[in-house]
Amino acid sequence: MGRTFDFILAGAAIIVGIMLLTGHGDIFMKGGNTQLRKAKYDEKKMTKGSGVALLLIGIATGIDSYTTGLAAKIGYIIVLILILAGLMLYLKYKCAKK
C-alpha cells in the first residue's frame, strides 16, 4: 500500500499543480478569509507559485516512492521543507500587494 499511496499522492499533486499553473485550478485556492487574502496578495502570482510548489512536491514524492534507504527518506523530508519554505518566502516577498 505504501508505494501505491505515494503514486496517488504524486499524481494528485502534479495534476493540481498543472491546473494551478494553467489558471484552471482556482477552486483549490478557496478557503480561509478570502477577502483578506484578495486585499493582501496578488491572486495570479499566488496561484502560479502554488502550482510550481505542487509540481515540485509531486516530482519529489514520485522519486521518493522508489527509494528505500533512511538517508533518502531524510533527504525527501528536507526537500519538502525547502519547497514549502521557498513557497512561503515567494508568497511573502513576491505576491504581497504594496
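Note that this is a predicted model, so its numbers are computed, not measured.
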Gap separating the [atom1] atom of [X] from the [atom2] atom of [Y], nearest 0.5 angstrom:
X	Y	atom1	atom2	value
Ile83	Leu56	CD1	CG	5.0 Å
Leu70	Ile74	CG	CD1	4.0 Å
Cys95	Glu43	SG	CD	9.5 Å

[X] and [Y]: same hydrophobic cluster, using ILVMFWY side-chain contacts below 4.5 Å?
X	Y	result
Met46	Met88	yes
Met19	Ile27	yes
Leu84	Val79	yes
Leu9	Ile63	no

Item to check | Expected output: side-chain Ser50 to main-chain Thr47 donor-acceptor under 3.5 Å | outcome: no
Checklist entry - Is the side chain of Lys97 donor-acceptor paired with the backbone N or O of Lys40 at a distance under 3.5 Å, no angle test? => result no
Checklist entry - How close do Ala10 and Gly62 get, heavy atom to heavy atom, and via which atoms? => result CB-N, 3.7 Å
Checklist outcome for this item: Closest heavy-atom pair, Ala53 versus Leu87, reported as atoms and distance to 0.1 Å, is CB-CD2, 4.0 Å
Item to check | Listed partners of Lys73 passing side-chain hydrogen bond (donor to acceptor under 3.5 Å, both in side chains), at least two apart | outcome: Asp64
Checklist entry - Pairs in or reaching into residues 51-98: which pass ring pair (Phe, Tyr, Trp, His ring centres under 6.0 Å), with residues at least two apart or in two chains? => result Phe7-Tyr66
Next on the checklist: I need the full list of ring pair (Phe, Tyr, Trp, His ring centres under 6.0 Å) pairs touching residues 17-54, with sequence neighbours left out, sorted by first then second residue.
Outcome noted: none
Next on the checklist: Walk me through whether Leu20 and Met29 qualify under side chain to side chain contact (heavy atoms under 4.5 Å, CB included).
Outcome noted: CA-CA 9 Å; Leu20 286 170; Met29 298 298 288; 3.8 Å; yes
Item to check | Verdict with supporting geometry, Ile8 and Thr4, side chain to side chain contact (heavy atoms under 4.5 Å, CB included) | outcome: CA-CA 6 Å; Ile8 292 170; Thr4 304; 4.1 Å; yes
Checklist entry - Taking it one step at a time, do Leu54 and Ile14 satisfy side chain to side chain contact (heavy atoms under 4.5 Å, CB included)? => result CA-CA 6 Å; Leu54 276 173; Ile14 289 173; over 6 Å; no
